[in-house]
2 protein chains.
Amino acid sequence: MSTSKRASAYTQAYEYIREQILNGEIEGKTKLVEDRFAKALGVSRTPVREALRKLEEEGLVRDKRVVQPTESDLRDMFRVRMLLEGDAARLAANYMDPSTLAILKGCIDSSKNGNYEETMTSNKQFHDVIVEASNNTFMIETINRMQSIIYLFRKTVVYHNRPGLIEEHEDIYQAILNREPDRAEALMKDHLQADLDFFLHISRNR
Amino acid sequence: MSTSKRASAYTQAYEYIREQILNGEIEGKTKLVEDRFAKALGVSRTPVREALRKLEEEGLVRDKRVVQPTESDLRDMFRVRMLLEGDAARLAANYMDPSTLAILKGCIDSSKNGNYEETMTSNKQFHDVIVEASNNTFMIETINRMQSIIYLFRKTVVYHNRPGLIEEHEDIYQAILNREPDRAEALMKDHLQADLDFFLHISRNR
DNA sequence: ATGATTATTTTTGTATACAATTTTAAAAAT
DNA sequence: ATTTTTAAAATTGTATACAAAAATAATCAT
């Protein structure tokens with residue numbers, strides 16, 4: 001986080017605003033005013049402007065507001081995730097090397113034993129490891145983009161971990177370990193479908 | 001193209017530069033200098049700057065240069081395309097309505113009968129119609145992003161249409177028309193794989 | 001009071017300025 | 001002639017200024 005040489009005004013602005021958005025510190029309704037951030041950071045509007053454009057392209061901002069993903073957005077994103085992460089799971093079952101497999105196992109363990117924050121991080125990491133093992137830049141980028149938008153949604157939904165989630169991760173891991181591509185893919189898809197259903201269920205009564 | 005009220009400087013710059021890139025009018029080596037475009041368009045650097053950032057996020061520009069997709073990039077993009085467009089073809093076989101089916105048929109016809117330019121456009125449109133019929137915003141966006149990068153590649157490769165391409169489109173259309181989701185998906189995947197192979201083959205001896 | 005109209009303030013889009021950085025060219029040293 | 005060093009030029013990142021547009025508040029008419 002803290003680098004020796006001070007980050008550029010643009011980077012500062014980008015990270016500052018992004019953080020605020022992902023932490024849910026900005027209401028979906030409130031307008032993202034350039035000058036407000038500029039003053040808060042002690043920089044000019046120019047770099048703030050660029051940061052906002054970037055966040056807009058990233059899908060976190062639209063029309064100068066924090067994006068509020070709809071149910072339909074969620075469904076769309078999860079359909080794409082199921083296709084891509086399903087394939088990533090398949091690739092993992094075919095090719096993942098032992099050291100990465102060990103890392104994957106580690107995610108499950110620390111998800112089981114850790115505190116709330118650790119559990120959340122490990123669960124996310126479980127997916128990240130599988131996706132990155134695909135070695136497919138575009139796949140990784142695409143999924144990451146959606147992840148942050150989904151995360152946005154999660155924050156608003158007050159995420160308590162879904163029952164069964166860890167067991168599903170374990171099953172996926174086993175399928176990968178046993179070199180069962182079809183099964184790994186199917187389990188990953190089911191897992192994501194269950195996740196989506198959970199999201200939709202919760203978002204209903206809030 | 002020509003709107004009544006003059007487009008913003010930013011939009012002008014964005015479209016101008018994007019056009020130049022996609023038409024291959026800018027060498028991959030040459031640096032994209034803000035001031036050059038600013039002067040060419042009679043605007044200041046500010047909007048040009050934003051346009052360049054946008055194009056960068058879009059994947060057409062990196063490090064102030066026009067992106068030159070590598071073979072590995074192509075493979076990665078096509079793998080994602082196969083997954084997503086395969087699914088789109090499946091959805092089309094399940095749900096596409098008669099009027100859209102007619103449009104799809106039209107793409108094939110005008111691809112057969114038209115001149116070079118028309119053929120190229122219709123072939124692209126064939127895919128676009130199927131993808132858009134998915135009604136999945138994120139899927140459409142993701143594919144579009146990759147399409148323009150692939151197009152970039154194609155330009156440099158001097159695209160003459162691949163033998164068999166139209167027949168494959170016809171087969172896909174038939175599978176969709178006959179409501180055969182599995183077949184439609186499989187054919188679409190094969191079609192894209194053949195496309196990729198063709199690209200890689202041509203790019204080899206140039 | 002409610003809605004329309006006008007005035008005021010805020011915010012944005014773009015231009016311009018300038019120091020810091022990067023690139024390129026020139027000069028010097030090996 | 002190639003490499004290193006130094007100087008010059010080009011380019012970028014950021015700040016500031018200001019007119020145009022948008023949002024908000026105030027006034028008036030119904």
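So that the names make sense, note that chain A is the first sequence line, chain B the second, and so on, each numbered from 1. Remember, predicted model here, so these are calculated numbers, not experimental data.
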Provide, to the nearest angstrom, the distance between the [atom1] atom belonging to [X] and the [atom2] atom belonging to [N].
{"X": "A:Glu50", "N": "D:dG13", "atom1": "CD", "atom2": "P", "result": "8 Å"}
{"X": "A:Phe37", "N": "D:dA15", "atom1": "CZ", "atom2": "P", "result": "16 Å"}
{"X": "B:Leu41", "N": "C:dT14", "atom1": "CG", "atom2": "C1'", "result": "14 Å"}
{"X": "A:Asp63", "N": "D:dA23", "atom1": "CG", "atom2": "P", "result": "10 Å"}
{"X": "A:Gln12", "N": "D:dG13", "atom1": "CD", "atom2": "P", "result": "15 Å"}
{"X": "A:Lys39", "N": "C:dT10", "atom1": "NZ", "atom2": "C1'", "result": "10 Å"}
{"X": "B:Arg53", "N": "D:dG13", "atom1": "CZ", "atom2": "P", "result": "7 Å"}
{"X": "B:Arg49", "N": "C:dT16", "atom1": "CZ", "atom2": "P", "result": "16 Å"}

For the pair [X] and [Y], find out whether any cationic side-chain nitrogen is under 4.0 Å from an anionic carboxylate oxygen.
{"X": "B:Lys54", "Y": "B:Glu58", "result": "no"}
{"X": "B:Glu50", "Y": "A:Arg49", "result": "yes"}
{"X": "A:Arg145", "Y": "B:Glu141", "result": "no"}

Closest nucleotide among [options] to the [X] side chain:
{"X": "A:Lys64", "options": "C:dT14, C:dG13, C:dA17", "result": "C:dG13"}
{"X": "A:Val43", "options": "C:dG13, D:dA15, D:dT14", "result": "D:dA15"}
{"X": "B:Tyr10", "options": "D:dT16, D:dT12, C:dT14", "result": "C:dT14"}

Nearest nucleotide by nearest heavy atom, which residue falls closer to the 5' end of DNA chain C, B:Lys31 or B:Pro47? B:Pro47
Does A:Ser44 make a side-chain N or O approach to OP1 or OP2 of D:dA15 shorter than 4.0 Å?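 Indeed, a polar side-chain atom of A:Ser44 lies that close.
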In terms of the nearest nucleotide of DNA chain D, which residue is placed more toward the 5' end: B:Glu34 or B:Thr46? B:Glu34
Please work out if A:Leu52 contacts a base, only the sugar-phosphate, or nothing of the nucleic acid, heavy-atom cut-off 4.0 Å.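 Touches nothing.
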Between A:Asp76 and B:Thr137, is there a donor-acceptor pair closer than 3.5 Å when you use the side chain of the first and the backbone of the second?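 Side chain of A:Asp76 to backbone of B:Thr137, a donor-acceptor pair under 3.5 Å: yes, one is there.
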Among A:Phe198, A:Phe153, A:Phe199, find the residue that satisfies the ring pair (Phe, Tyr, Trp, His ring centres under 6.0 Å) test when tested with A:Phe78.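 Only one option passes, and that is A:Phe199.
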